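Structure first, commentary second.
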Amino acid sequence: MKKILIYCVIAFSFWSCKSEIHTGATPKRGFYSDRPAKIWEESLVSGNGIMGAMVIGDPYQESIVLNHALLYLPIHSARKPVGQGKYLGKIQQMLLEDKYMEASQFVVDLANSEGYKGKHATDLFIPAFQFNLLGDTSTVKQYERSVDFTSGEVIVNWEDNNGVFTRKLFVSRPDNLVVLKFSSDEGASINTTLSLSKIIRHDVGRIKKFNLDDNFCIKKVESGTMDNGLYFKAWYERPWEFESRKSFKGYEGVVQVLRSDGKIEMDSDRLILRDATDVLIVARIEPSDNMEESRVLEMSNALKSYDGTYDELLAVHKKIHKELFERVSIDLDASEEDRMKSSEELLKLGGSNPALVEKLFDAARYNVISATGINPPNLQGIWGATMTPPWSGDYTTNGNLPVVVSHYLQANTPELMLPLFDRLEAYMEDFKVNARELFNCQGIHVPSRFSSHGLNNHFDATWPMTFWLAGAAWYSLFYYDYYMYTLDKDFLRERALPFMEQAALFYEDFLKEGNDGKYIFNPSYSPENNPANSSKVRHVSMLLWM
């Protein structure tokens, strides 16, 4: 596989470290760790398919990164695909002559002559903001953090010289809320400063590659306090419009303290909690297509309308999440003693330990379920804490996205496939433009990379992604599989067949019969290979027996 599925790495949170005393109950299907995360990729995660939360677990300098499935930062305007179709005969002849590198470079030169001016990467999946909690410091005596896969609940417990403290968090499916609870035992006081800040983590190489400026295409950010709450606004520098479609202009978020038995002070852009033992906080993020008309006040008022307790909000969420998660399980006859061990202890037992494998299986399923909602999971699921994610954090359709969704049907969760079909169908007009402009064909061409639109704009000489042809056929298979699992004839008639018919139209137009009776795919491309001029290895043209 060409890319590590980052969302799985984040969800597992299994890192080695010296084991400490376990003070709480290990979730029956979940895990616990005995130290905070050292880097953001080790965060504990929760999500509802719309929003995601990443918890470091530091008792005194906590950073909770909040994400939203629709936050794709516009970096290049969507544009009509390169006019490859006008020169298709010439390109095909070059490939038949084993001039693979020349053919790939020809398309790049053509794109630059048409105004591409370099590589047009897919829009970047970015985090919304960082929720900072700065508290009283002390000496930690006992510590643990855990995730319950059946509820999506993240818990951080610790004991220090000031007392025993707990933070709990989940992202509600029915209410679309990030819900956070602080509590302390035996009268210990919670004294914490809350603030929101922009994410500044980035990769310098990708900044240069994507031609980003110092603000990472964020024109302006604004944060502050309002009525026991915090707000955050971000304006995109390069929002684009293409024909009848447009990108979001930015996004807004609100963090609201619903209840606290202590004092709440508003100090400039911070909230200060003093002498509390029980605090309930909720948060929500929304992308915006009109940043001139702020909705933070409306969002704040909506959040204030929730009058349930943490446990009540969790119960209605857990009913939905747990039912999805428990539709399948794996039992490798691991010992109960091993199942109770921390992730650090399990790693020391080796990769073949049955309890570790059981937890890895559950962690992967938990993460995919938590990241599925508005969209299928992207390369990072629904999480991330960098402004320049690897491979844009997009939907890489030529391998990664199929792998992510491949378990849905086998796990008896066919409804989780629907966001994939929703996204594909939302981009059907783009796919038709791709087929017409790149190959002079009817039907649809699904590109190898997309995020905020479906036009085939992402390619270069090394990775000639305008030559990749398998997308429409591959995703037709998922439509067919969904029908075979569900026997939903309405779906077959109204969704599957229309998509499959458009895919068939493309291949009927594109395939040409050779002198030997075989149908030729030319151009074609294996995403795992770079073009190389060779008479022995044909990377770009292949034959299909019919």
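This structure is a prediction, so every number in the text was calculated from the model and none was measured. Residues take their numbers from the sequence shown, with the count starting at 1.
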Quiz item: Among Val254, Leu271, Leu230, Asp269, which residue meets the side-chain contact (heavy atoms from CB on, under 4.5 Å) test with Leu196?
Solution: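 It is Leu230; the other options fail the test.
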
Considering all heavy atoms of both residues, which atom of [X] and which atom of [Y] are nearest to each other, and what is their separation?
X      : Y      : value
Ser172 : Pro174 : OG-CD, 3.3 Å
Pro377 : Val404 : CG-CG1, 3.5 Å
Ala53  : Leu169 : CB-CD2, 3.8 Å
Asp362 : Phe325 : O-CE1, 3.5 Å

Min side-chain heavy-atom separation [X]-[Y] under 4.5 Å:
X      : Y      : answer
Ile190 : Phe165 : yes
Ile264 : Ile272 : no
Glu344 : Arg35  : yes

Mark yes or no for whether [X], through its side chain, and [Y], through its backbone, hold a donor-acceptor pair below 3.5 Å.
X      : Y      : answer
Lys141 : Asn161 : no
Asn301 : Lys304 : no
Thr397 : Ser448 : yes
Ser452 : Asp123 : no
Ser46  : Gly152 : yes
Ser288 : Asn290 : yes
Arg284 : Asn176 : yes
His317 : Glu153 : no
Glu42  : Lys38  : yes
Ser247 : Pro74  : no

Could you note down all residue pairs passing salt bridge (charged side-chain N to carboxylate O under 4.0 Å, His left out) where [range] supplies at least one of them, sequence neighbours left out?
range            : answer
residues 174-189 : Lys181-Asp278
residues 57-77   : Glu62-Arg167
residues 187-199 : none

Just how far is it from atom [atom1] of [X] to atom [atom2] of [Y], taken to the nearest 0.5 Å?
X      : Y      : atom1 : atom2 : answer
Trp391 : Leu124 : CH2   : CG    : 14.0 Å
Asp275 : Thr277 : CG    : OG1   : 10.0 Å
Asn228 : Ile281 : CG    : CD1   : 10.5 Å
Ile285 : Ile50  : CD1   : CD1   : 11.0 Å
Ser223 : Glu252 : OG    : CD    : 12.5 Å
Arg365 : His407 : CZ    : NE2   : 4.5 Å

Self-check item: Pair His458 and Trp463, ring centroids less than 6.0 Å apart
Solution: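 Centroid distance His458-Trp463: not below 6.0 Å, so no.
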
Practice problem: If a pair satisfies ring-ring contact (aromatic ring centres under 6.0 Å, His included) and one of its residues is in residues 242-294, list it, with sequence neighbours excluded. | Solution: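 Counting only pairs at least two positions apart or across chains, no ring-ring contact (aromatic ring centres under 6.0 Å, His included) contact touches residues 242-294.
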
Exercise. Please list, chain by chain and in numerical order, all residues satisfying side chain to side chain contact (heavy atoms under 4.5 Å, CB included) with Glu312, sequence neighbours excluded.
Key: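 Here the qualifying residues are Thr309.
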
Test of understanding: with side chain to side chain donor-acceptor pair (under 3.5 Å), list the residues that count as partners of [X], not counting sequence neighbours.
X      : answer
Asn112 : none
Asp394 : Thr122, Thr396, Arg449
Arg173 : none
Ser300 : Gln256

Quiz item: salt bridge (Lys or Arg N to Asp or Glu O under 4.0 Å) with Lys168: which residues, sequence neighbours excluded?
Solution: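 With neighbours one apart ignored, the set is empty.
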
Self-check item: Set of ring-ring contact (aromatic ring centres under 6.0 Å, His included) partners for Phe431, sequence neighbours left out
Solution: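 ring-ring contact (aromatic ring centres under 6.0 Å, His included) list for Phe431, sorted by chain: empty.
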
Practice problem: Just jot down the ring-ring contact (aromatic ring centres under 6.0 Å, His included) partners of His120, sequence neighbours excluded, or say none. | Solution: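 ring-ring contact (aromatic ring centres under 6.0 Å, His included) check on His120 returns His76, Tyr116.
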
Taking atom types as modelled, is there a side-chain donor on [X] or [Y] under 3.5 Å from an acceptor on the other?
X      : Y      : value
Glu222 : Tyr231 : yes
Asn434 : Asn456 : no
Asp136 : Asn162 : no
Gln380 : Asn378 : no
Thr150 : Asp148 : yes
Thr139 : Asp160 : no

Quiz prompt | Residues Tyr310, Phe170; criterion ring pair (Phe, Tyr, Trp, His ring centres under 6.0 Å); working and verdict | solution = CA-CA 10 Å; Tyr310 177 90; Phe170 70 95; 5.3 Å; yes

Tell me whether [X] is salt-bridged to [Y], with the criterion being a basic N under 4.0 Å from an acidic carboxylate O.
X      : Y      : result
Asp289 : Lys249 : no
Asp267 : Arg270 : yes
Glu323 : Lys319 : no

Practice problem: Return yes when atom CD of Gln61 has more than 12 non-hydrogen atoms of other residues, nucleotides or ligands closer than 6.0 Å, and no otherwise. | Solution: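 At most 12 heavy atoms, drawn from other residues, nucleotides or ligands, come within 6.0 Å of this atom.
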
Exercise. Please say whether more than 12 non-hydrogen atoms of neighbouring residues, nucleotides or ligands are located less than 6.0 Å from CD1 in Ile39.
Key: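 Yes, because the 6.0 Å sphere around CD1 of Ile39 holds more than 12 heavy atoms from other groups.
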
Quiz item: Under 30°, 30 to 60°, or over 60°: which ring-plane class applies to Phe125 and Tyr72, parallel, tilted or perpendicular?
Solution: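 The rings of Phe125 and Tyr72 sit tilted, inter-plane angle from 30° to 60°.
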
Self-check item: Aromatic plane relationship, Trp240 with His453 - under 30° parallel, 30 to 60° tilted, over 60° perpendicular
Solution: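 His453 vs Trp240 ring planes: perpendicular.
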
Exercise. Please lay out, stage by stage, how Asp422 and Arg495 fare under the test salt bridge (Lys or Arg N to Asp or Glu O under 4.0 Å).
Key: CA-CA 10 Å; Asp422 292 343; Arg495 303 189 70 173; 2.7 Å; yes

Quiz item: On the ring face of Tyr427, is Arg423 found with NZ or CZ under 6.0 Å from the centre and within 45° of the axis?
Solution: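 That pair qualifies as a cation-pi contact.
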
Quiz prompt | Pair Phe31-Arg145, side-chain contact (heavy atoms from CB on, under 4.5 Å): steps then yes or no | solution = CA-CA 9 Å; Phe31 73 93; Arg145 60 184 183 134; over 6 Å; no

